Amino acid sequence: MKEKRMASADYVSLNGLTFSSIFNIGDTGHVRSTSRGIALQKEGARFKSDTNIDFNDYSLFNRNMILPETITPVQKETIHHSDTIRVQTLDIIGISEAALFQIGNLEQAYCESRIKHFRRYSRS
């Protein structure tokens, strides 16, 4: 990163930060955040121990990510009136599933989340 600036926050209220998520104040070069999940929702309260679910059983978790083409950088000139990125108050309910909240400069981010959700109902 060429440009170094300070970042500050006077007050942050964050209720939840989960599953490979990142909350960052300050400059960051590279971020890589990954979350994989399998959720099984069943009717009734009994789960058998033979309910083995594996990531490899589902193509969703084995597919390659198709990323957009890299765009040629644009030359620009930026004039900052202050050396500090200042945030006064943040109220955040939640950051989840490989999400990124950034105050400051960020050169490159790669965030990925893949979730397979099942609902199994009892047979009547």
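These figures come from a predicted structure and were not determined experimentally. Computation of the quantities below employed the complete heavy-atom set of this structure, encompassing side-chain atoms and omitting hydrogens, waters and symmetry-equivalent molecules. Heads up: numbering here begins at 1 and tracks the sequence.
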Trainee: If you look at every heavy atom in Ser33 and Ala98, which pair is closest and at what distance?
Mentor: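 In terms of heavy atoms, the two residues are closest at OG-CA, 3.5 Å.
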Trainee: Is a donor on one side and an acceptor on the other found under 3.5 Å between the side chain of Arg114 and the backbone of Leu60?
Mentor: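 It does hold such a pair.
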Trainee: If I take atom CD1 from residue Ile103 and atom CD1 from residue Ile85, how far apart are they, to the nearest 0.5 angstrom?
Mentor: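 Those atoms lie 8.5 Å apart.
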Trainee: For the atom pair CE (Met6) and CG (Asn105), what is the distance rounded to the nearest 0.5 Å?
Mentor: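 So the gap between those two atoms works out to 13.0 Å.
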Trainee: Please walk me through it: do Asn64 and Ile66 pass side chain to side chain contact (heavy atoms under 4.5 Å, CB included)?
Mentor: CA-CA 6 Å; Asn64 290 329; Ile66 299 171; over 6 Å; no
Trainee: For Gln108 and Tyr110, test the side chains for any donor-to-acceptor distance below 3.5 angstrom and give the result as yes or no.
Mentor: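 Checked: Gln108/Tyr110 side chains show no N/O donor-acceptor pair below 3.5 Å.
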Trainee: Applying side chain to side chain donor-acceptor pair (under 3.5 Å), can you list everything that pairs with Thr34, at least two apart in sequence or on another chain?
Mentor: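 For Thr34 there are no side chain to side chain donor-acceptor pair (under 3.5 Å) partners, ignoring immediate neighbours.
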Trainee: Under a 4.5 Å side-chain heavy-atom rule over Ile, Leu, Val, Met, Phe, Trp and Tyr, are Ile115 and Phe19 clustered together?
Mentor: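 As far as the 4.5 Å side-chain criterion goes, Phe19 and Ile115 are not connected within one cluster.
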Trainee: What do the steps show when you test Ser96 against Thr18 for side-chain hydrogen bond (donor to acceptor under 3.5 Å, both in side chains), and what is the final call?
Mentor: CA-CA 5 Å; Ser96 185; Thr18 59; 3.0 Å; yes
Trainee: Give me each pair satisfying salt bridge (charged side-chain N to carboxylate O under 4.0 Å, His left out) with a member in residues 92-102, each pair once, sequence neighbours excluded.
Mentor: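 For residues 92-102, and leaving out neighbouring residues, there are no salt bridge (charged side-chain N to carboxylate O under 4.0 Å, His left out) pairs at all.
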Trainee: Quick one: list whatever passes side-chain contact (heavy atoms from CB on, under 4.5 Å) with Phe55, sequence neighbours left out.
Mentor: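 If we apply the side-chain contact (heavy atoms from CB on, under 4.5 Å) test to Phe55, skipping adjacent residues, the hits are Arg36, Ile38, Phe61.
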Trainee: Which residues pass the side-chain contact (heavy atoms from CB on, under 4.5 Å) test with Leu17, sequence neighbours left out?
Mentor: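 Scan of Leu17 (side-chain contact (heavy atoms from CB on, under 4.5 Å), adjacent residues dropped) gives Leu14, Ser21, Phe23, Ile95.
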Trainee: Among all residues two or more places apart in sequence or in another chain, which pass the side-chain contact (heavy atoms from CB on, under 4.5 Å) test with Gln102?
Mentor: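 Counting only residues at least two positions away or on another chain, Gln102 forms a side-chain contact (heavy atoms from CB on, under 4.5 Å) with Asn24, Thr28, Leu100, Leu106.
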Trainee: Could you list all the side-chain hydrogen bond (donor to acceptor under 3.5 Å, both in side chains) pairs where at least one residue sits in residues 8-17, not counting sequence neighbours?
Mentor: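 Output for this query lists Asp10-Arg86.
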